[in-house]
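We name chains A, B, ... by the order of the sequence lines, and we start the count at 1 in each one.
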Protein chains: 2
Amino acid sequence: MQKKPLQCQFVAALDSIVGKWKPIILYHLLQGKPLRFNELRRLLPGITQRMLTLHLRELEEEELVNRVIYPQIPPKVEYSITEYGMSLSPVLEALHQWGAAHVERKQLKKETNEQKETD
Amino acid sequence: MQKKPLQCQFVAALDSIVGKWKPIILYHLLQGKPLRFNELRRLLPGITQRMLTLHLRELEEEELVNRVIYPQIPPKVEYSITEYGMSLSPVLEALHQWGAAHVERKQLKKETNEQKETD
DNA sequence: CATTACAGTACCTTTTTTCATACCATACCA
DNA sequence: TGGTATGGTATGAAAAAAGGTACTGTAATG
């Protein structure tokens, strides 16, 4: 029992989280407010409809995201974070913070290099 | 100033961390002990030399990992976490913990389903 | 003399992921 | 009557990531 103790946990976690847009989708939904398909699309400039659909389906399958269809015309579909999805909050928060620091660090380094060049 | 506030931070963070093997490599190196190329290889069953080399090079470029060559024969190359790399510790720890819970949850669900089938 | 260990590189193939378009049905608005 | 908004699907192409195999040079081991 308990084989592949380490990497599988990572792999399992990352499979659910990773994808070019998944963390950002989750981050937005973790704000609490359910979002419609096109609302999400506007929040993710550059994403195609196809990619958004695919990623949302995967997140739904992982039970991280709820999908509720309102039988209206024009259609209305709302996506929201599930209770289980909320358990990702600390992970994404940590990631987000580190990302911010990382960007800042890179920026600083770039500026330092530009300084050197003008010397 | 301060455009693309959210997703770029995520993307930047994930670019550094993501890759099929990077988180696991980092996790092992975060244990503190420097590891040789083949030591790492043994810790990552299934990885090819090529993939390990590529990922280590990328991590080195991001300054998350040190690469020290000892001019010996047979060669000895040690990889260790950098100080900057250590700042990833909380992120990976959160990820790792969530991954563990995630795997457990999946396991539980699978068992429940198998129960139903034998009823 | 052949094998193994070390830390890779080179080259090519396969798989996965992403992108770009076009298309669907319906309703509302001008 | 034509355009817009809604939430998608279908299809094929392109790009990115990963994998597979063979090969390098030196030294110690059997």
Using whole Å, report how far CD1 of A:Ile25 lies from C1' of C:dT18.
14 Å
Side chains of A:Glu61 and A:Arg57: closer than 4.5 Å at any heavy-atom pair?
no
Non-hydrogen side-chain atoms of A:Leu59 and A:Lys22 separated by less than 4.5 Å
yes
Identify whether any heavy atom of B:Tyr79 sits under 4.0 Å from a base atom; if not, whether one sits that close to sugar-phosphate; answer base, sugar-phosphate or nothing.
sugar-phosphate
Spacing of B:Lys20 atom NZ relative to D:dG19 atom P, expressed in whole Å
4 Å
May I have the distance from B:Gln72 (atom CD) to D:dA27 (atom P), rounded to whole angstrom?
13 Å
To the nearest Å, how far apart are A:Ile69 CD1 and C:dT26 P?
17 Å
Identify whether any heavy atom of B:Arg41 sits under 4.0 Å from a base atom; if not, whether one sits that close to sugar-phosphate; answer base, sugar-phosphate or nothing.
nothing
What nucleotide, of C:dC6, C:dG8, D:dG19, holds the atom closest to the side chain of B:Gln49?
C:dG8
Are B:His55 and D:dA17 close enough that a side-chain N or O sits under 4.0 Å from OP1 or OP2?
no
Shortest non-hydrogen contact between A:Pro23 and A:Ile17, atoms and distance:
CD-O, 3.3 Å
From C-beta outward on B:Asn38, which listed nucleotide comes closest to its side chain: D:dG19, C:dC6, D:dG7?
C:dC6
Heavy atoms under 4.0 Å, any strand shown: does B:Arg67 hit a base, just sugar-phosphate, or nothing?
sugar-phosphate
Determine which nucleotide pairs with C:dA30, using a 3.5 Å limit on both distances of a Watson-Crick or G-U wobble pair.
D:dT1
Between A:Ile47 and A:Ile24, does a side-chain contact (heavy atoms from CB on, under 4.5 Å) hold up when you go through it step by step?
CA-CA 11 Å; A:Ile47 199 171; A:Ile24 312 170; over 6 Å; no
Please report the distance, rounded to the nearest Å, between CZ in A:Arg57 and C1' in D:dA10.
14 Å
Is there a side-chain polar atom (N or O) of B:Arg42 under 4.0 Å from OP1 or OP2 of C:dC6?
yes
Side chain of B:Thr48: nearest nucleotide among D:dA5, D:dG7, D:dG19?
D:dG19
note: B:Arg50, atom CZ; D:dA18, atom P; distance rounded to Å ~ 10 Å
Side chain of B:Pro75 - closest among C:dC6, C:dT18, D:dG7
C:dC6
Whole-Å distance between D:dT6 P and A:Glu78 CD?
13 Å
Would you indicate which nucleotide in D:dT6, C:dC6, D:dG7 comes nearest to any side-chain atom of A:Val77?
D:dG7
Check this for me: does any side-chain nitrogen of one of B:Glu63 and A:Lys109 sit under 4.0 Å from a carboxylate oxygen of the other?
yes
Residue pair A:Ile73/A:Leu54 against DNA chain C: nearer the 5' end by closest nucleotide is A:Leu54
Integer-rounded Å distance: D:dG8 C1' and A:Leu40 CG
14 Å
